Amino acid sequence: EVQLVESGGGLVQAGGSLRLSCAASGFTFDDYAIGWFRQAPGKEREGVSSISNTDAGIYYADSVKGRFTISRDNAKNTLYLQMNSLKPEDTAVYYCAADPVNYLPDPGVYDYWGQGTQVTISS
């Protein structure tokens with residue numbers, strides 16, 4: 001059974017920080033690229049950040065560069081997203097996803113998805 005479970009979302013003031021976690025089970029975690037996506041009301045799901053299975057490849061959307069940091073702990077089967085200097089436009093449901101080949105920000109190529117965690121940034 002493949003399972004991805006996000007946690008760490010919440011409501012914070014602009015300029016604050018959150019750390020999201022994604023706990024994975026049911027597959028060989030260190031064989032997969034893992035990524036974070038987000039979807040705001042009325043908008044398409046977009047790639048935020050992703051990381052290859054070896055950490056050799058890392059992607060950040062231009063809108064989050066310098067503010068967000070992605071990391072993975074293969075020993076714990078967990079993906080993280082440290083989010084600093086949060087802005088109201090970061091408000092969205094954040095999802096983690098896994099793919100056996102690539103770490104590109106296209107949600108259509110990912111095999112497994114979590115349920116999402118809400119991040120709300122107040123101005």
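Bear in mind the structure is a predicted one, so any value in this text is a computation, not a measurement.
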Give the C-alpha distance, both sets of side-chain angles, the deciding distance and a yes or no for side chain to side chain contact (heavy atoms under 4.5 Å, CB included) between W36 and M83. CA-CA 12 Å; W36 290 99; M83 305 187 295; over 6 Å; no
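Under the 4.5 Å side-chain contact rule for hydrophobic residues, I58 and V64 share a cluster. Y110 and V48 are not part of a single hydrophobic cluster, where members link through side-chain heavy atoms under 4.5 Å apart. Transitive grouping of hydrophobic side chains (ILVMFWY, heavy atoms separated by less than 4.5 Å) brings Y94 and L79 into a common cluster. Hydrophobic clustering (side-chain heavy atoms under 4.5 Å, transitive across Ile, Leu, Val, Met, Phe, Trp, Tyr) groups Y60 together with L18. In this structure, I34 is a member of the same hydrophobic cluster as L81, with clusters built from ILVMFWY side-chain heavy atoms closer than 4.5 Å.
Judged as a ring pair (Phe, Tyr, Trp, His ring centres under 6.0 Å), and not counting sequence neighbours, the contacts of Y112 are F27, Y32.
Considering CG of D31 and CG of D99, their distance stands at 12.0 Å, rounded to 0.5 Å. F29 contributes atom CZ, which lies 6.5 Å from atom OG1 of T78 (distance to the nearest 0.5 angstrom). Note that OH of Y80 is 12.0 Å distant from SG of C96, once rounded to the nearest 0.5 Å. Interatomic distance, CG of D30 versus CG of N77, reported as 7.5 Å (0.5 Å rounding). Here CD of Q13 is found 9.0 Å from OG of S123. Values are rounded to the nearest 0.5 Å. Here CZ of R38 is found 8.0 Å from CD of E89. Values are rounded to the nearest 0.5 Å.
Residue G9 comes nearest to L20 through the heavy atom pair N-CD2, 3.6 Å, listed as atom of the first residue, atom of the second, then distance. The two residues G26 and V2 make their nearest non-hydrogen contact at O-CG2, 3.6 Å. Minimum heavy-atom separation, G114 to Y95: O-CD2, 3.6 Å. In terms of heavy atoms, P88 sits closest to A14 at CD-CB, 4.1 Å. Shown here for Q82 and N84, the closest heavy-atom pair between the two residues is NE2-OD1, 3.0 Å. Of all the heavy atoms in W113 and P107, the pair that sits closest is CZ2-O, 3.2 Å.
The main-chain N or O of Q115 is found under 3.5 Å from a side-chain atom of E6 such that the two form a donor-acceptor pair. Listed for the S50 side chain is no donor-acceptor partner under 3.5 Å among the backbone atoms of G35. Listed for the R72 side chain is a donor-acceptor partner under 3.5 Å among the backbone atoms of S52.
At a threshold of 4.5 Å between non-hydrogen side-chain atoms, the residues P105 and Y59 count as touching.
Residue V12 is tested with L86, T120, D90, V119 for a side chain to side chain contact (heavy atoms under 4.5 Å, CB included); the sole match is L86.
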